[in-house]
Amino acid sequence: MDKRKNIWLLNFEHDLALASGMPFYMPPKVAVSMNEDMSPLPFWLSGNTTVLTQQLTTQQAIAPETLALMEQLGIDGSLRRTSTFETQGDETFNVWGWDPQSAQQLRKFGFEYPEDLEHIKTWSHRCKTIDFLKQFAANGLFPANLLPRKATKLKEIESWTQAEKLILKAPLSGSGRGIWWALNGFDFNVQRWSNRTISTQGCVLCEPIWEKTGDFAMEFRCGAGKAQFAGYSHFMADNAGVYRCNLLESNEATEALLADKVGTATVLRVKALWEELLTNTIAPHYNGIVGIDMLTGTVDGVERLNPCVEINLRMTMGMAARLIYDQWIAPGSVGEYRTIHFKQDGELKSHAAEQRSLHPVELTNGKISKGYALLTAETDNTHYGVEIEVRTN
């Protein structure tokens, strides 16, 4: 692993901060809580890691069982309070996503963000999915009649929603957020939501509704002006599109599942075209992860692949699950990577203790072959977390 210290700042409010464009954006309380409670997550993503936090400052925030597992796996991580951190000048700075707010936070440490923040905002815009899907349609990889439409006027949304059921999306918002299901025509709620979104963000993305059969993503790493495939994500979202968990499985297993649904040739052509498109558009001015959310679904009785549901120029939960599987999970084992939330004090801590008792961790050749682990902070006051549960296949 890289011997340089990796400095991490978690900012799960990235999508909201990017939409605001303000360097001193104030994130909602839920995002602040998530950043603190889940601050140890980067330990599992890169070696020799320090995570900057506002409140959690000691390893006492992490359960002894998790610290022992980290030591067995050779994971070196520490938590430091942002207000007292001093750079040594040789660190690598990482954030969940770059935006004016996260760049501003790290400037005080002498770190100048090297890339174009407007470029990131431009290509994170949901309406960019239309541009990409047109390229896939031109290559015979997407039906042209299913292309999303961009509405800048209420009368367009009224006309389209009266003709068919649609899913409406705000151009910039968090994954699974900023979405409205227009199932009953242009009713009062659709009108109000659409009017507010057009007023604040300029347009609404209108998409046909697919009968979904699976959620997937392709993750790419951009650097030196090129995009390279970094792995698959096989995840699960609820009916509203909100992320729930990732399956921990090999790239080969996910690719085989996709191939069973839509054909090997389609999967490989989509992957190759994405590398080409990202190299030509995003990679010249961006270094980092690009996650392309996809889905498989039945349209007109045929199972198809939608190769571009959403574009994320940031670290994603899918990429995090990919890194954790590849680094710490034993070959032949599978499992789930889940985000969890408990409302009452002590509930998360009690849940983790119970799961550890039911599913103790076992290692095979220095990697997790089965068992449960909470990867994030565990105190009486933590409410958000990331857990994994691994089993032999």
Side-chain angles (χ1 to χ4, degrees), residues 1 5-12 30-85 91-96 245-246 248 315 317 319-321 323-329 335-363 366-390:
M1 292 184 177
K5 177 69 72 174
N6 286 288
I7 309 299
W8 266 87
L9 180 73
L10 277 188
N11 59 323
F12 290 123
V30 63
V32 174
S33 296
M34 289 177 66
N35 292 338
E36 289 295 306
D37 293 356
M38 297 164 69
S39 56
L41 178 61
F43 298 164
W44 300 83
L45 309 183
S46 54
N48 196 19
T49 297
T50 291
V51 179
L52 304 181
T53 75
Q54 298 295 324
Q55 298 174 7
L56 298 176
T57 58
T58 72
Q59 303 305 80
Q60 294 174 357
I62 306 173
E65 294 87 348
T66 302
L67 287 173
L69 178 59
M70 288 170 57
E71 184 176 358
Q72 287 179 287
L73 296 172
I75 297 174
D76 178 16
S78 61
L79 300 172
R80 293 284 302 277
R81 189 183 290 273
T82 308
S83 59
T84 60
F85 174 76
E91 302 94 343
T92 299
F93 285 91
N94 307 273
V95 295
W96 193 258
C245 72
N246 259 87
L248 293 170
M315 177 60 73
M317 285 298 181
M319 188 63 193
L323 290 170
I324 288 168
Y325 181 88
D326 291 345
Q327 293 179 96
W328 314 120
I329 308 302
E336 290 186 2
Y337 165 105
R338 298 186 289 257
T339 57
I340 55 175
H341 173 230
F342 293 90
K343 293 183 179 180
Q344 302 299 319
D345 286 353
E347 284 186 330
L348 183 146
K349 188 174 182 179
S350 176
H351 164 79
E354 180 181 10
Q355 292 304 306
R356 274 194 296 266
S357 176
L358 292 172
H359 310 286
V361 168
E362 295 182 14
L363 300 185
K367 294 192 174 186
I368 302 170
S369 55
K370 63 186 303 185
Y372 172 90
L374 181 69
L375 309 185
T376 48
E378 183 179 338
T379 71
D380 289 332
N381 299 319
T382 49
H383 297 264
Y384 295 89
V386 172
E387 63 183 9
I388 60 172
E389 187 175 337
V390 180

* **Contacts of type salt bridge (charged side-chain N to carboxylate O under 4.0 Å, His left out), residue Asp345, not counting sequence neighbours** => none

* Structure fact -> Of all heavy-atom pairs linking Ser369 and Val390, the shortest is O-CG1, 3.6 Å

* Asked: Tell me, which pairs form a salt bridge (Lys or Arg N to Asp or Glu O under 4.0 Å) where one or both residues lie in residues 366-377, sequence neighbours left out?
  -> none

* To do: Please round to the nearest 0.5 Å and tell me the distance separating atom CG of Leu9 and atom OG1 of Thr50.
  => 12.5 Å

* Taking side-chain contact (heavy atoms from CB on, under 4.5 Å) as the test, write out the residues that go with Leu67, two or more places apart. => Gln59, Ile62, Met70

* Asked: Rounded to the nearest 0.5 Å, how far does CD of Gln72 lie from CG of Leu363?
  -> 5.0 Å

* By salt bridge (charged side-chain N to carboxylate O under 4.0 Å, His left out) - contacts of Glu36 (at least two apart) -> none

* Asked: Applying salt bridge (Lys or Arg N to Asp or Glu O under 4.0 Å), which residue pairs with at least one partner in residues 40-51 are found, sequence neighbours left out?
  -> none

* Side chains of Val30 and His341: closer than 4.5 Å at any heavy-atom pair? -> no

* **NZ/NE/NH1/NH2 to OD/OE distance under 4.0 Å, Lys5 and Glu91** => no

* Interatomic spacing from OH in Tyr337 to CD1 in Ile388 - rounded to 0.5 Å -> 10.0 Å

* **Gln327 to Trp44 - nearest heavy-atom pair and separation** => NE2-O, 3.5 Å

* Asked: Among pairs that include at least one residue of residues 67-82, which meet salt bridge (Lys or Arg N to Asp or Glu O under 4.0 Å), considering only residues two or more places apart or in two chains?
  -> none

* Asked: Which heavy atom in Ser39 sits nearest to a heavy atom in Leu56, and how many Å separate them?
  -> OG-CD1, 3.7 Å

* **Point-to-point distance, once rounded to the nearest 0.5 Å, from CG of Asn381 to CD of Gln55** => 9.5 Å

* To do: Please identify each residue that fulfils ring-ring contact (aromatic ring centres under 6.0 Å, His included) with Trp96, with sequence neighbours left out.
  => Phe12

* Any side-chain heavy atom of Ser46 sitting closer than 4.5 Å to one from Trp8? -> yes

* Who passes side-chain contact (heavy atoms from CB on, under 4.5 Å) against Lys349, sequence neighbours left out? -> Glu378, Asp380

* Output every pair passing ring pair (Phe, Tyr, Trp, His ring centres under 6.0 Å) with a member in residues 55-85, not counting sequence neighbours, ordered by first then second residue. => Phe85-Phe109

* Thr339 versus Met38, closest heavy-atom pair with distance -> CG2-CE, 4.5 Å

* Just grab all the salt bridge (Lys or Arg N to Asp or Glu O under 4.0 Å) pairs involving residues 59-70, residues at least two apart or on different chains. => Glu65-Arg356

* Structure fact -> Taking every heavy atom of Gly385 against every heavy atom of Leu348, the minimum-distance pair comes out as N-CD1, 3.9 Å

* Asked: By side-chain contact (heavy atoms from CB on, under 4.5 Å), which residues pair with Gln60, not counting sequence neighbours?
  -> Thr58

* Applying side-chain contact (heavy atoms from CB on, under 4.5 Å), name anything that partners Asp37, two or more places apart in sequence or on another chain. => Thr382, His383, Tyr384

* Asked: Side chains of Leu41 and Val51: does their closest heavy-atom pair fall under 4.5 Å?
  -> no

* To do: Would you mind reporting whether Leu375 and Ile324 have side-chain heavy atoms less than 4.5 Å apart?
  => yes

* Asked: Minimum heavy-atom separation for Glu347 to Lys343, with atom names?
  -> OE1-N, 3.5 Å

